[in-house]
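The chains referred to below are lettered A, B, ... by the order of the sequence lines, with proteins before strands, and numbering in each begins at 1.
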Amino acid sequence: MTKADLVDRIFEKIGLSKKEALEIIEILFDTMKQTFVEGESVKISGFGTFNVRQKMARRGRNPKTGDDLEITPRKVITFRASNQLKSGIEKRNV
Amino acid sequence: MTKSVLIEKVSEKVGSLTIKQTEIVVETVFDSIKDSLIKGEKIEIRGFGNFKLKNRRPRKARNPKTGEKVDVPEKRVLHFKVGKALREAMNSK
């Protein structure tokens, strides 16, 4: 599923034009992105939580060449699915 | 940030929709993603990230309290991978 499929869903279910639907989807994801850039987490009840975590600099190795190098400090996002989403996924496991 | 704050912000930026109308759209977006993941599909939001199910093989584990062996069945877990544009935006400067 891509943004285009989300546009179709909104068009079918809500009846907004595809142009409007795309605009809102872009704004939605841009707003979330902006929040992450500011270092803030986003919690979507019933779906999951996106946490922004700061990673410290650490020593690493280039797996290809074996060279020692420093992995720079960086921000990463971890996503935790809500219990509702997790159980939906697990039910399909048989 | 919670979903309700997110909805308010989106509604402000869109301008043409009320908070209530925006809420319906935002709920539909997350519900659609959820339904599609439950069906086993992969989600790709360019510039934001991908959601993908990964298979975990069945394994034998031990109950740490009793030391008893237990079988952990095969299962699927959800994995989110941050998109390149977002990763770079978060780590520029």
Side-chain angles (χ1 to χ4, degrees), chain A residues 1-14 16 20-21 23-50 52 54-55 72-82 84-94, chain B residues 1-17 21-22 24-51 53 55-56 73-83 85-93:
Chain A
M1 169 176 262
T2 62
K3 258 186 246 176
D5 298 310
L6 287 172
V7 168
D8 288 344
R9 289 289 168 87
I10 289 171
F11 169 73
E12 286 159 18
K13 287 201 171 170
I14 304 176
L16 287 181
E20 281 176 301
E23 194 200 341
I24 297 165
I25 289 169
E26 297 280 10
I27 290 174
L28 170 62
F29 287 113
D30 282 350
T31 306
M32 290 173 75
K33 268 159 58 172
Q34 191 51 47
T35 308
F36 299 142
V37 170
E38 287 160 12
E40 204 189 320
S41 299
V42 176
K43 187 175 177 181
I44 308 295
S45 65
F47 184 77
T49 305
F50 298 89
V52 179
Q54 177 69 49
K55 299 273 231 175
T72 53
R74 65 192 62 204
K75 286 197 190 118
V76 296
I77 294 178
T78 56
F79 176 72
R80 268 184 65 111
S82 71
Q84 201 190 337
L85 177 53
K86 257 192 234 166
S87 61
I89 289 168
E90 274 163 19
K91 276 198 196 106
R92 286 266 314 188
N93 291 323
V94 183
Chain B
M1 180 184 275
T2 56
K3 188 160 59 181
S4 55
V5 176
L6 179 63
I7 289 167
E8 279 171 35
K9 289 210 171 190
V10 172
S11 167
E12 268 169 40
K13 289 188 198 169
V14 174
S16 59
L17 294 183
Q21 289 168 322
T22 309
I24 295 170
V25 177
V26 171
E27 294 285 2
T28 305
V29 169
F30 289 112
D31 284 349
S32 304
I33 294 177
K34 198 158 52 173
D35 290 346
S36 164
L37 285 170
I38 290 171
K39 280 186 212 150
E41 285 173 43
K42 181 182 172 184
I43 318 289
E44 289 184 56
I45 309 293
R46 193 66 57 83
F48 183 81
N50 294 350
F51 296 89
L53 295 170
N55 289 312
R56 291 271 177 274
E74 181 182 25
K75 62 180 169 186
R76 295 189 308 179
V77 294
L78 179 55
H79 181 76
F80 174 71
K81 187 176 176 196
V82 181
L86 175 53
R87 192 175 62 230
E88 285 171 358
M90 288 173 74
N91 291 296
S92 60
K93 86 166 175 159

Given 3.5 Å as the limit, does a donor-acceptor pair link the side chain of B:Ser11 with the main chain of B:Leu17, or not? yes

A:Asp5 side chain to A:Thr2 main-chain N or O, any donor-acceptor pair under 3.5 Å? yes

Most chain A-contacting option - heavy-atom pairs closer than 4.5 Å, from B:Val26, B:Val29, B:Ile24, B:Val5: B:Val29

Would you say the side-chain atoms of B:Lys3 pair up with the backbone N or O of A:Ser45, donor to acceptor, closer than 3.5 Å? yes

Under a 4.5 Å cutoff for heavy-atom pairs, which residue among A:Val52, A:Thr35, A:Thr72 has the most contacts with chain B? A:Thr35

Indicate the ring-plane relationship of B:Phe30 and A:Phe29, choosing parallel, tilted or perpendicular according to the 30° and 60° boundaries. perpendicular

Solution key, residues 42-50 of chain B side-chain donor-acceptor pairs under 3.5 Å, sequence neighbours excluded:
none

So which residue, A:Ile14, A:Thr49, A:Ile25, ends up with the most heavy-atom pairs under 4.5 Å with chain B? A:Ile14

Contact part of A:Ile77 toward chain B, heavy-atom cut-off under 4.5 Å: side chain, backbone, both or neither? both

Quick one: what part of B:Val82 sits under 4.5 Å from any heavy atom of chain A, side chain, backbone, both or neither? side chain

Under 4.5 Å from a heavy atom of chain B, the part of A:Lys13 involved: side chain

Heavy-atom distance under 4.5 Å to chain B: side chain of A:Glu38, backbone, both or neither? neither

Of the backbone (N, CA, C, O) and the side chain (C-beta and beyond), which part of B:Ile7 lies under 4.5 Å from a heavy atom of chain A, both, or neither? neither

May I ask you to test the A:Arg74-B:Met90 pair for a side-chain heavy-atom distance under 4.5 Å? no

Which region of B:Ser36, side chain (C-beta onward) or backbone (N, CA, C, O), has a non-hydrogen atom less than 4.5 Å from a non-hydrogen atom of chain A, or is it both or neither? side chain

For A:Phe36, check ring pair (Phe, Tyr, Trp, His ring centres under 6.0 Å) against everything at least two apart and list the hits. A:Phe50

